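Take a look at the structure below.
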Protein chains: 2
Amino acid sequence: MTDLRRGSTQVLVLSLLAEEPMYGYQIAKELEHRSEGYFDFKEGTLYPLLHRMEKEGLVKGEWQVVEKGPSRKYYAITPEGRKTLEKSAAEWTTFSQRLLKILGQEAEPAST
Amino acid sequence: MTDLRRGSTQVLVLSLLAEEPMYGYQIAKELEHRSEGYFDFKEGTLYPLLHRMEKEGLVKGEWQVVEKGPSRKYYAITPEGRKTLEKSAAEWTTFSQRLLKILGQEAEPAST
DNA sequence: CTATGTATATAGATAATCTAGGTATACAGT
DNA sequence: ACTGTATACCTAGATTATCTATATACATAG
């Protein structure tokens, strides 16, 4: 399953952050919930990704102290992040369509 | 674009070989043609993949001498390859649907 | 004799992800 | 007091599909 998802992590994270700022743990839980358990982000994937995205200017992190429990680092999407999201979402859509076409999932009525 | 396609190469190759045996160069050209240039397999990807798939028993290669030009190694899909193809195609379909759902490509009518 | 197309092959680099570990707080159960 | 579970962050090292670049070899066109 790993290579299936390869490269999709970033666009998924960006799509969530486009709605509202979230912290890492929340992102993982939210994606798991929305996909009914299908997407299951590992910490070793998610946190380095968030750091990389921040370094690239796609998101901006900000620590927030919580009364009870560990502090959270909230990430907000930047204008550049939105641009990247739009572009990536379009690319993934094209890719999916191309792939499914080749795989014959187009559901053309069977000939003969 | 590299990580977009990651892992999809095998299922694409298998889907072609499910139709008829083909040789490496032919597979590359055929996929490029069917996708109108979208899929563009590199040699460094395709040949090692074919060797790996043969080692795993998904395909079986056979050299054929051609009157004019270099010999060709034709690959035929095995029963096990067909099983893998079915499973992989289903996985990719699920993945695509899940991804597009999260990305909001579902085209639900805007609320409000 | 050089370039292009056909056809296969491999060595080395790249990079996203996973595994497996770590730190720390809060709370429930024993 | 101790243990486990949930929350919340972090990173080092290994894995592996893919790409770049290079090599060999035959056929044909210029």
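Everything quoted here is computed from the prediction, not taken from an experiment.
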Answer yes or no: is there a side-chain heavy-atom contact under 4.5 Å between B/Arg98 and A/Phe39? yes

Taken to the nearest whole Å, CD/A/Glu54 to P/D/dC9 is 13 Å

- Message: Tell me whether A/Thr45 contacts the main-chain N or O of A/Phe41 through its side chain, where contact means a donor paired with an acceptor under 3.5 Å.
- Response: no

inquiry  = Is there, by distance only and without an angle test, a donor paired with an acceptor across the side chain of B/Gln26 and the base of C/dA7 below 3.5 Å?
reply    = no

When rounded to whole Å, the CD1 to C1' distance for the pair A/Ile27 and D/dC9 reads 13 Å

Worksheet entry | Over 12 non-hydrogen atoms of neighbours within 6.0 angstrom of CD in B/Glu32 | yes

* Base, sugar-phosphate alone, or nothing: which one does A/Gln10 contact when heavy atoms must sit under 4.0 Å apart? -> nothing

If you draw a 6.0 Å radius around CD in A/Glu62, do more than 12 non-hydrogen atoms from other residues or ligands fall strictly inside? no

Write down the protein N/O and nucleotide N/O pairs, taken from nucleotides 13-15 of chain D, whose separation is under 3.5 Å; answer none if there are no such pairs.
none

To the nearest angstrom, the CD-P distance between B/Glu62 and C/dT8 comes to 14 Å

What residues 13-24 of chain B contributes to the DNA chain C interface at heavy-atom separation below 4.0 Å is B/Tyr23, B/Gly24

Which atom pairs, one a donor and one an acceptor, fall under 3.5 Å between side chains of residues 48-55 of chain B and the rest of the protein, sequence neighbours left out?
residue : atom : partner : partner atom : Å
B/His51 : ND1  : B/Tyr47 : O            : 3.3
B/Glu54 : OE2  : B/Gly61 : N            : 2.9

### Task
Using a 4.5 Å cut-off on heavy atoms from C-beta on, say whether the side chain of A/Gln10 contacts that of A/Leu58.
yes

Is a side-chain donor or acceptor of A/Thr78 paired with a backbone partner of A/Gly57 at a separation under 3.5 angstrom?
yes

Rounded to the nearest 0.5 angstrom, the CG-OG distance for B/Leu100 and A/Ser96 is 4.5 Å

Contacts satisfying ring pair (Phe, Tyr, Trp, His ring centres under 6.0 Å) that involve residues 59-83 of chain A (not counting sequence neighbours) are A/Tyr23-A/Tyr74

note: B/Lys42, atom NZ; C/dT8, atom P; distance rounded to Å ~ 17 Å

Expected list for residues 45-53 of chain A near DNA chain C, using heavy atoms below 4.0 Å, is A/Thr45, A/Arg52

To the nearest angstrom, the NZ-C1' distance between B/Lys29 and C/dT6 comes to 9 Å

When rounded to the nearest 0.5 Å, the distance separating CG of A/Leu14 from CD1 of A/Ile77 is 4.5 Å

Taking the side chain as every heavy atom from C-beta outward, state whether B/Asp40 and B/Lys42 have any pair of such atoms under 4.5 Å apart. yes

Q) Is A/Glu43 side chain donor-acceptor paired with the D/dC10 base, going by distance under 3.5 Å alone? A) yes

Rounded to whole Å, the CZ-P distance (B/Phe41 to C/dT8) equals 15 Å

Expected list for residues 63-78 of chain B near DNA chain D, using heavy atoms below 4.0 Å, is B/Lys68, B/Gly69, B/Pro70

Are the side chains of B/Val11 and B/Leu85 in contact, using a 4.5 Å heavy-atom criterion?
yes

(message) Would you call the rings of A/Phe95 and B/Tyr38 parallel, tilted or perpendicular, taking 30° and 60° as the class edges?
(response) tilted

Tightest non-hydrogen contact, residues B/Leu103 and A/Ser15, listed as CD2-CB, 3.8 Å

Between CD of B/Glu32 and P of C/dG5 the distance, given in whole Å, is 12 Å

